[in-house]
Every structure is written in structure tokens, then in C-alpha cells.
Trainee: 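Have a look at this one before I ask anything.
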Amino acid sequence: MSTMPIATTRSMTGIPTGRLAVWWVIGSEIVIFGGLLACYLLLRNLYPHWGESAAHTSTLAGAINTFVLLTSSLFVVLAHHAAERKRHIAAFFYLWLTIGGGLTFLLIKAFEWSYEIAQGYTITANLFWSYYYTAAGIHASHVIVGMIIMAIISFDVLRQRNLPRVELIGIYWHFVDIVWIFLFPLLYIAK
Amino acid sequence: MTEQNFWQKYIFSTDHKIIGMQYMFTGMIMALIGGYFAYTFRMQLAFPGTEVFGFGTVSPHEYNSLVTNHGTIMIFWVAMPVLLATFGNFLIPLMIGCDDMVFPRLNRLSYQVFLLSAIVLVASFFVAGGGFGGAWTAYPPLSAQAKYNMTQYGATLWLIAVALEFVAFLLGGINFITTLMNSRAKGMKMYDIPIVLWMIVLASILFMASVGPLIAGAIMLLFDQTLGTGFFDPAQGGDPILWQHLFWFFGHPEVYVVLLPAMGIVAEIITVFSRKKLFAYKTVLYTAFATGVLSFFVWAHHQFIAGIDPRMANVFAVTTLLISIPIAEMLFVYIATLYGGSIRLTAAMLFALSFLAAFLIGGVTGIFLGASGADIYFHDTYFVVAHFHYTFFPIAILAVFAGLYYWFPKMFGRHMSETLGKIHFWGTFIPFNLIFLPLFFLGAAGQHRRIYSYELFSELNSADFQNLRVLATVALIVMLIFQLPFLYNFFASMLRGKVATANPWQANTLEWAAPSPPPHGNFATLPEVYRPPYEYSVPGRESDFWPQHEKPSGESKA
């Protein structure tokens, strides 16, 4: 189907359809992470001894990753800014800087996890580590999905097509970023 | 556009009507499987240990698997795809007067993920160890460890299938919500939206808001099964009750996810066939909102005897009893709509009316279970089984049949036989009551659920108990036989039925402005909306209906 249905072009709410849908996607994601973190928080309050396990997480690695993700969010804003002004080369460039940020995040995470697993802190070590790997793992899978979608969009942008989609992936990327802002203190800082 | 071949037109279509039908036929096949399972385990209960025609002897392990998958299939692969996805996909673009969903390819993806989930579920019956048998609620530790459930592969495949199904309905739901919000015909304001669309979209929002924690829980359970984590394993410091919270935080709103579309379908049919304006449109809408909000605060009534704090049980008993108020209000509103109307007892109307009667019994018996004191006795008895079948059967079967008989002319451009429809109706409704009324008595007398054979329980094995079990089983077989006239009627009418006009029921909503069946793109010219959807028998008008798209000032139809 190459022709777009008339339905897609209508906008009764005044919000473009794509943006509206991304917000609903984020709404459905919030309850997934919300449910997981609610379980973690309830149990963490119940079992103060989880702090001993949390003491073995690397706050430094987490902090660097927070900085990396926040910086990548800045790049995606710059990409949106460029796309709005039809500067498609700049938008392409900033999108790939964002993807680079995601890649750096995953690399740091890979080193961090290899080190921890080598120390014996695997996903089955105890319940804290189970939550640690599950929560951060689901988040990392969102980072990967975001990077793939962003790469696809970037090549559209290069051909000056679908420029408004830069904003949509930007909204999603910010959401992934904000999830990390919750994970970082809960998994790393709280010892 | 060039002519599409069979594959493009029916298999990989992005047309909302075709996708709706794909969901419908998949749902029908799954309903046959679910019905076959019910037949098999009911035979085992009525005639324990004997060879069941079409299955063979039922082992205890098979019995568990049949019961589990009957429940799973009927809720996730019948009620959800037919009520939400079939009617949602077919009706939303037609009733808001546009040509398709806002994201047709996302829509196609949603069906493909759903089909995959159905295939994974069916595959789980054939792996080594057989299908999962730990109940559709999948409580750990039974569901979490193969050494307890003895279905290492079946349990994991079951979980993956359910998770995929959730993904399909999240994708579909986003499409439904966005389409209704953004793509309505010019002039269609908030209160001009037909109730059934409100209900489908509210249900999608409820689903989206409640399923998240269970998706997280499903990942945790998957890790418990496959990696050996202990999220729900007390031996490793985990908490099995946590799963129950996650499951029912979704599971109870899920009841309303399927109830609301059924209520919406019934509202459309009742107004058309009583030729009256829907009594108190806004009340229906607001009570639906109230139900949706309240449904998030009732989940622990499934856990009254699971060891939760008794003070919490009090709170949840109150909220549970409260939620019966908006539902009762809706039933009263529907009855008020009927009052003084010129009622036409078509097959669709009969099913819609029987929905009200049956659901009423389901709702009233829920009060007993929602009261935490009474639930200590009733919990996990057949009283519960009878209660939720008196809610789910009207929702997933009676309302669905009502909708199929009503919209069939629009879907296929031909009429179903009314005579066969009425035979089908009485042959479904009477046996339905004969199946589940006895179960209330059995449950109240103390018959527990999920028991393979009552021969081992002397106090439950008396002749009068057994007679009721046989009655329920015989009634089930009669009901299943009476689905044959429906299947014949459905497929024969598709080919040879009386040709339908665009608006055979003289209804007001926009789908009847399109030809029957609507072509790709639905409308020759996209309609505009001039009035609310239920302007029937308006005083001073010659005809007793007033389509939404008809221009005021008496000009010819748009």
C-alpha cells in the first residue's frame, strides 16, 4: 500500500496522528516499567539487606552512563531542531550522534555486566541481582530498539522524506532516557 | 489501483475490514477448540474414567491441561479478538466515517502477532509433557518450576503465547484510540460518537493501563522458568503472592475490557430494534468511565483467602460492591430504552436481550463473592465457576452473536436466515442456563473446582450431585449441537443469503451509509455528521429514523 488513507491525514484533536500514537505507546510503557519498579521498591523496603548487594554495583559506571544518555538526548533535540528547519544533512548527522550515544551506553553496560558476572553476581545470585538485571535489561532492549528505529529514520531523512518522524523518535528516546533516570538512583545510588 | 491477487487482498491486507474478519475467523476456530476442550473435561466429570468420544480416556494431567487452556483460549483468543479486534477493526473506521485505520500496516502487524500467538499456544499442546495445566491464572510456584507442573515446555510456550497476545492488543489498541481521537468525520463531536466505539476505545485504554505490570510479571515468570531466578519462589526469597497481585491487577480490569464492548454492541442493537433514542447517553458514558476507574481498585477480591491482610480484604470488599452500582445503572438504562419502544424481536435483538438477563444473574452472584466473609466459603467452588460463566458467556458468546447477526449484512452484503437464527438462539440460551444453574447448586453444596474426579471424595460423590453434573454435561452437548445451525447459516448466507441493502435495519449510524459490503475505502464520498447517533422516532418526522449523515433542511441524503 503506497497510498496513505485519508484517516491518517485527519487531525480532529489538533495533535498530529504520529505524535498522538507515540504518547500512547509511552503510556503503555510507563505501566510496564512502573509495575516492575513498584515490585522492586516494595520488596526493597521490606528487605533492607538488599543494600549489601546494591553496594557492589558501580555507581561510577552508572553515572557515566547517565551522562552519556543525557548527552544523546541533547543530540536528538538538535536533530529535531535541524529537521524542522529542513536541514536534513545536519539532522542525519545528529541522529547518528544519538545512536553513537546509545552504543556507548551499551558498551559501558557490557563491560560493567561482564565484570559483575565474573565476580559471581549473576541474575540468579539473589533477588536484588534478579531485579537489577531484569530492569536494566528491559531498559537496554528499549535502547536497542530505539537505535534501530532511529537508524531507519535517519536514511529517510537523508532522502528528505518523513522529516516529522525525527520528532517522534525523539520523544521516545527521551522516555527511554527518563526511565534510566529512575533506574540509576534505585539500582545504583541507594546502597 | 491495480487488481490485487488473493494474497494481497485477504492474507496480507491492510484493509481494516479484512483484518477484522481475519480476527473473527481466527477467533471462531479458537472458539471451536475451546468448546471441544470444555466438552472433553465435562464428559470426564459426568462419566469419570470412561472413554470420551473424540478424545479417549482423560488422564489427570490432560484434565488439568484441558481446563487451563479452555479458560485461556476463551478469554485471550476468543473474547478479546472477537469483541475488541473484530468489532473494533470493522466498526471504528465505518462508524466514524473514514476510509481506514490511521495506521493500516500497524494493524496488519497486530493481527500477524496475534496469529503467531495462537499458533504458539496450539503448538504448546503437542510438545513433550503436553500443554500447561497450572490454571489460566498461572500461580507460581506451580507455574514457575517444571518439577511442580511437569510441563517444562508447555508452561513456557503458554507464557510466551499470552505475552505475544498482549503485544498484539497493545498495537491494535493504540490504533483504535488514535483513530477515534483524530479521524472522525467532520461534525462528529464527543457526544455524537456511537456508544459501541466509546466502549471499545475505553476498553483499549483499560487494557493498556492494566496489562503493563503483568507484562513485567510475565518476563519475571519467564526468567523463573528458564533461568532459575526466584522472583516468585519463596525458597529463594521471592514472593508468590506478588504474581497474584500482578495477575489480578490486570485480570480484573480485563473483565471490563471485554464487558464494555459487549455493552456497547448491545446498546446499538437495543436502540435500533426498539426504535428509540438510547436512554441517557451521557449516563452510559460516565458510568463506563466510573467502571473503568473503579476496576483498578478491586483486584484483591480474588485473593481474599490467599493470606492478604484482613483489613485490606475489607477495603477491597467495599470497592467490589461499589462497582456493581455503575454496572446496574447501565442495565437499568438499557431497560429504560426498551420501555415503550416498538420492539422488533430479530435474532440479534433476542441475543442482546438475553445478554441483559444472563449478565444480571452473573452480576448479582458476584455480590456474594465480593463480600469477603461469604467468599471464605465460596472461594474456589463451582459457585465461582458458575458466576463467572454467567458474566463471560453473555459477554463472549451472547453479545458476540448479537453483533454478528446485526452487522452480518454490512460485513458480507447478505442477510442471515432469521428462522435459523432464532433456532440457534433458543438452542444456545436454554442449554446455557441448564449448564450453569446446576453448578451454582453444586458450588453452594461445597463442590470444589479443579478436581479431576469426584469419585475420590465420598461426600461429593452422592447420586444427586452426580445427576447435576450429568445434566450440565448433557446441556453442554445440546448447546454445542445447536451451534451447527449457526455455522451453516453463517457460511451458507455468505454465499446465498438474501441480498442486503445499504441500511437494512433502518439504523442511524454511519456504517449504514456505506454500501453493503463496503468496498475498499468504504464510502464513495466521505460522510459528514449532523446529529447524535440515536435519533429514532423523533416527533414530527415522517420516518422513524434520522441518519447521522443526513443533511438537515430536508435535502436528499448525502
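Per chain, numbering begins at 1; letters A, B, ... match sequence-line order.
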Trainee: Non-hydrogen atoms of chain A under 4.5 Å away: do they reach the side chain of B/Thr229, the backbone, both or neither?
Mentor: both

Trainee: Side chain from CB out, backbone as N, CA, C, O: work out which of these in B/Leu170 comes under 4.5 Å of a heavy atom of chain A, or both, or neither.
Mentor: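 The answer is the side chain of B/Leu170.
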
Trainee: Whether the side chain of A/Lys191 engages the backbone of A/Tyr188 through a donor-acceptor N/O pair (distance < 3.5 Å, no angle test) should be reported.
Mentor: yes

Trainee: Any sub-3.5 Å donor-acceptor pair from B/Gln22's side-chain atoms to B/Ile11's backbone N or O?
Mentor: yes

Trainee: Tell me, for B/Met220 versus chain A, whether the close heavy atoms (under 4.5 Å) come from the side chain, the backbone, both or neither.
Mentor: side chain

Trainee: Under 30°, 30 to 60°, or over 60°: which ring-plane class applies to A/Phe75 and A/Tyr94, parallel, tilted or perpendicular?
Mentor: parallel

Trainee: A/Phe184 vs A/Trp180 aromatic rings, parallel, tilted or perpendicular, using cut-offs 30° and 60°?
Mentor: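 It falls in the parallel class, under 30°.
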
Trainee: Give the C-alpha distance, both sets of side-chain angles, the deciding distance and a yes or no for side-chain hydrogen bond (donor to acceptor under 3.5 Å, both in side chains) between B/Gln145 and B/Asp233.
Mentor: CA-CA 9 Å; B/Gln145 294 186 35; B/Asp233 180 10; 3.2 Å; yes

Trainee: Of the backbone (N, CA, C, O) and the side chain (C-beta and beyond), which part of B/Phe223 lies under 4.5 Å from a heavy atom of chain A, both, or neither?
Mentor: side chain

Trainee: Listed by residue number, which members of residues 15-37 of chain A have a heavy atom under 4.5 Å from any heavy atom of chain B?
Mentor: A/Ile15, A/Pro16, A/Thr17, A/Gly18, A/Leu20, A/Ala21, A/Trp24, A/Val25, A/Ser28, A/Val31, A/Ile32, A/Gly35, A/Leu36

Trainee: Can you check whether anything in residues 98-122 of chain A gets within less than 4.5 Å of chain B, heavy-atom wise, and list it by number?
Mentor: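 The list, in residue order, is empty: none.
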
Trainee: Can you list the residues that meet the ring-ring contact (aromatic ring centres under 6.0 Å, His included) rule with B/Phe76, with sequence neighbours excluded?
Mentor: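 ring-ring contact (aromatic ring centres under 6.0 Å, His included) list for B/Phe76, sorted by chain: B/Trp136, B/Phe166.
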
Trainee: Between the side chain of B/Ser143 and the main-chain N/O of B/Tyr139, is any donor-acceptor distance below 3.5 Å?
Mentor: yes

Trainee: Are the side chain of B/Ser110 and the backbone N or O of B/Leu171 linked by a donor-acceptor pair below 3.5 Å?
Mentor: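 The answer is no, because no donor-acceptor pair under 3.5 Å joins these two groups.
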
Trainee: Side chain, backbone, both or neither: which part of B/Ile96 has an atom under 4.5 Å from a heavy atom of chain A?
Mentor: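 Backbone only.
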
Trainee: Counting only heavy atoms closer than 4.5 Å, note whether B/Leu526 contacts chain A via side chain, backbone, both or neither.
Mentor: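 Just its side chain gets close to chain A.
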
Trainee: Within residues 240-254 of chain B, which residues come under 4.5 Å of chain A, heavy atom to heavy atom?
Mentor: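 So far as heavy atoms go, B/Leu242, B/Leu246 are the residues that approach chain A to under 4.5 Å.
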
Trainee: Please determine, among B/Asn175, B/Ile205, B/Ile177, the option with the most heavy-atom pairs under 4.5 Å with chain A.
Mentor: B/Ile177

